[in-house]
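Everything numeric in this text was worked out from a predicted model, so none of it was measured. All values below come from the heavy atoms of this structure, side chains included, with hydrogens, waters and symmetry mates left out.
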Amino acid sequence: MSAQKFLQDLEKKLWTAADKLRSTLDAAQYKHAVLGLLFVKYVSDAFDIRRQELIAQFQNEDHDYYLNPGDYDSNAEYQTEIAAELEIRDYYTEKNVFWVPQLARWETLQNHSKLPPGSEIVIKNGKETVYTMRSVGRLIDDALEAIEKDNPKLKGVLNKQYGRLQIDQAKLGELIDLIATIPFVHESLQAKDILGHVYEYFLGQFALAEGKKGGQFYTPKSIVTLIVEMLQPFSGRVYDPAMGSGGFFVQSEQFIKEHGGKLGNVSIYGQEYNYTTWQLAAMNMVIRGLDFNFGKEPANTFTNDQHPDLRADFVMANPPFNMKEWDAGVSDDDPRWQYGKPPSGNANFAWLQHMLYHLAPGGSLGLLLANGSMSSNTNTEGDIRRALVENDLVECMVALPGQLFTNTQIPACIWFLTRNKKARGRLGDRSGKVLFIDARNLGYMKDRVLRDFKPEDIALVADTFHVWQKGIDPPQSPLLRRGEAKSLIPPVQQGGSESNEQGGGLSVAQGGGYQDIPGFCYSASLADIKKHDFVLTPGRYVGAADEVEDGEPFAEKMARLTAQLQEQFARSCELEGEIKRNLAGLGYEC
C-alpha cells in the first residue's frame, strides 16, 4: 500500500472512531485529551523500539553491548541481567530517546485502564512500588508527571488535566484502546513520521470542529507550505512570534528533508501566548525530535518578548488578523516601531514591524495578514506601508483566494519582506522592485466551505517568485495572455517542478526568465507603486487577464445561445405544469 493511501485510511479510521467518543466533551477539551495521549503513545513506542534494539545488541557477539550467556550460571540469571540492563537510562538518552518510567509505558496504561478504583498495580523501576488506582484520568496524569519528572526538557510541556475532565472514565479507557490501534509499521514511513502526520491531521480536524476559536492555533497546511516553499529555510534561525501549534516549523522540517538538507542546520525559535497551545507546539516538536526554544514561558509577544536579542534568518507567522487593544503596556517609542507607531485599533503593522525587528541583515520574512493591510490608510497604517516601500523592504505581495481558513472568511494576503534584495546568493538584483502575484483564481474547493491549493498551485507561485528573484527579464510581450501563456518561467533548482500546470493556462517550464503575465504577476518599480499611492493590492498591478478568443463569429454565437435559451424556457414550462398537476393530485391548487 502506498504511503499516501496508508495515511488516508488511517486518518479516516481514527477520526471516525475518535469523533464517536467526543459526545461528552467539547472540541477544545477533547483536543487536549487526544493529543496528550498521542504524545504518550509516541514516547512509549519510541522507548519500546529502542528496547528491542538493545535486546538485539545484548545478544550480538559483534556489538560492544554484547552480554555473553557463558558468563552466567543459568539462562534465568542471564535473562534477569538483560532485564536489568534494559532499565538503564543512559542506553536511551544516548540515542535521544526519552526515558519512560514503567508507570507511563503504554502497556501499563492500556492493561490497567479498566481496573476499578482501589486496585493496586506493581511498578518496577529499579525497585518495586505499589500504585493505587483511583481513576483512569488520574493514572494518565500520574504517567505524564512521571515522564516530565524523568525528562527535564519536558518540564511544563505536558497537559496534566485528565483527572479533572468531566468525562465518563470508561470513555478515557476507550480512547486509550483507540490510540493503541495506530499502526507504526510501513515500508516507506518511519514511526515518528506516521504519528507526526496523525498529530497534524488531528490538529486540523479539531480546528474545523472548534470553528473560529480552534483556527487560532492552526494555519492550513497549504498556506504554510506555500510560505515555506517561497522562503526556502534550508539553514539558519527560523522564528515564529505567533506560532500556534508550530505548523511553520513542521513544514520547514518537511521541506528540508525533501530537499536533502540537514535538520541540524536549522534552529527553531517561537513564542505563543496561550498556555495550552504552547504545550501543543512543544509536543509537536518533541514528536518529530526537533530541538526548539519557545522561551521560558508562554507570553504576550508585544509585552514580554521571549527572544529580545534574536535576529532570525527566516521569520514566518500567521498572527490574529486585525487584533484590537494589543498595545496595553507597550511604549509608544518601542525600538520595534522603526517605521511608525502602529494604531491601537489594529495590530497588523505591529506584527509586521516586530518581525522586521527580529530579522537578520540578510534575512527574509513571510507574514499572513488581512487584505486591508495592503490599502488601509487608517491612522498611521498608510504612512508605515509607505515607509516600508520607500526603504525597499517589500519583496513580494501575494493575494490569496477566499475560503482557505477554518476560522475566518476575511480575505487574506501574504507579505514577503527582506532586509537585502541582493542577499542570499541571488543572481540578479531586485532593488527598487516588488513582485505582485494574484493567486485568487488558484486552488479548488475541497468541500462546500473550504478551498485548498494543489501542489502545482503552490509550485507555480513559488517558482514565479524564485525566478523573479534571479533578476533575468526577457523582453515583455504584450500578446502573452493568461489563457494561452507559453510559460517563460523555468523551474527552481530546489523545489521546482519541471511541468506544473494549473487551470487557466499558466505553467512552469524550461527556458527564458521572469515575465509579467496579465492577471497573474507583475514586477513593479517603486515609481509604479508611488503612482498607486503605495497601495500594495496585487490586482492593481497585474491587471486583468485577456479573454481567450474562441473563434466563433458573433452572429452565429448569438443564434446558438438564443436557441438554447428557448429550449430551456420550454423545459421550464413543462416542469411548472408537472408540479401543478402533482400539487392538484394532493388537493392543493395553485
Given side chain to side chain contact (heavy atoms under 4.5 Å, CB included), test L280 with E272 step by step and report yes or no. CA-CA 10 Å; L280 285 180; E272 171 59 40; over 6 Å; no
Please report the closest heavy-atom contact between V136 and S113, naming both atoms and the distance. CG2-O, 3.0 Å
Taking N151 for its side chain and W99 for its backbone only, find out whether a donor-acceptor pair lies under 3.5 Å. yes
Using a 3.5 Å distance criterion without hydrogens, assess whether the side chain of S188 forms a donor-acceptor pair with backbone atoms of A3. no
Run the ring-centre check on F58 versus Y91 and record whether the distance is less than 6.0 Å. yes
Does the side chain of Y162 reach to within under 4.5 Å of the side chain of L139, using non-hydrogen atoms? no
Aromatic contact between Y273 and W278, with the criterion being ring centroids under 6.0 Å apart: yes or no? no
Enter the distance from N284:CG to F39:CZ here, rounded to the nearest 0.5 Å. 11.0 Å
Can you find a heavy atom in the side chain of Y131 that is under 4.5 Å from one in the side chain of T108? no
Taking S44 for the side chain and V40 for the main chain, is one N or O donor matched with an acceptor at less than 3.5 Å? no
Taken to the nearest 0.5 Å, the spacing of H358 NE2 from H307 NE2 works out to 8.5 Å
Would you say the side chain of K41 lies within less than 4.5 Å of the side chain of Q110, judging by non-hydrogen atoms? no
Atom CD in E120, atom OG1 in T132: separation rounded to 0.5 Å? 5.0 Å
When every non-hydrogen atom of V238 is compared with those of F249, the smallest separation belongs to O-CE2, 3.9 Å
Would you say that more than 12 heavy atoms from the other residues, nucleotides or ligands in this model lie under 6.0 Å from the CD of E107, or not? no
Taking every non-hydrogen atom, the tightest pair across L359 and D313: CD1-O, 4.3 Å
When rounded to the nearest 0.5 Å, the distance separating CZ of R237 from CG of N293 is 12.5 Å
Taking H466 for its side chain and E229 for its backbone only, find out whether a donor-acceptor pair lies under 3.5 Å. yes
Step-by-step side chain to side chain contact (heavy atoms under 4.5 Å, CB included) determination, D142 to R134: CA-CA 11 Å; D142 290 341; R134 281 174 279 185; 4.0 Å; yes
Go through the steps to decide whether D457 and L460 satisfy the test side chain to side chain contact (heavy atoms under 4.5 Å, CB included), and finish with yes or no. CA-CA 5 Å; D457 296 326; L460 174 65; 5.8 Å; no
Check whether any side-chain heavy atom of D71 lies under 4.5 Å from a side-chain heavy atom of L67, and answer yes or no. no
To the nearest 0.5 Å, how far apart are OH in Y239 and CZ in F248? 13.5 Å
Is the count of non-hydrogen atoms from other residues, nucleotides or ligands lying under 6.0 Å from K257 atom NZ greater than 12? yes
Test side chain to side chain contact (heavy atoms under 4.5 Å, CB included) applied to M230 and M316, step by step: CA-CA 11 Å; M230 292 180 75; M316 299 175 278; over 6 Å; no
Contact between Q102 and E87 at the side-chain level, heavy atoms closer than 4.5 Å - yes or no? no
Taking side chain as C-beta onward, heavy atoms only, is F255 less than 4.5 Å from Q232? yes
May I ask you to decide if G137's main-chain N or O and Q169's side chain share a donor-acceptor pair within less than 3.5 Å? yes
Check: G261 main-chain N/O paired with H259 side-chain donor or acceptor under 3.5 Å: no
Crowded around K446 NZ? As in, over 12 foreign heavy atoms under 6.0 Å? no
Is a donor from one side chain sitting under 3.5 angstrom from an acceptor on the other, for Q57 and E53? no
So, for A143 and L109, which heavy atoms are closest and what is the spacing to 0.1 Å? CB-CD2, 4.0 Å
So which of K160, K155, K153 actually passes side-chain hydrogen bond (donor to acceptor under 3.5 Å, both in side chains) with E148? K160
Give me the atom names and distance for the closest heavy-atom approach of A281 to G244. CB-O, 3.3 Å
To the nearest 0.5 Å, atom CD of E85 lies from atom CD1 of I55 at 12.0 Å
Counting C-beta onward and ignoring hydrogens, is there a side-chain heavy-atom pair between L400 and L368 closer than 4.5 Å? yes
Which atoms form the tightest heavy-atom contact between T418 and S364, and what is the distance? OG1-OG, 3.3 Å
If you count the non-hydrogen atoms of other residues, nucleotides and ligands that lie under 6.0 Å from CD in Q4, is the total more than 12? no
Atom CZ of R419: over 12 foreign heavy atoms under 6.0 Å: yes
Taking side chain as C-beta onward, heavy atoms only, is N304 less than 4.5 Å from E297? yes
In terms of relative ring orientation, are F302 and H354 parallel, tilted or perpendicular, with 30° and 60° separating the classes? perpendicular
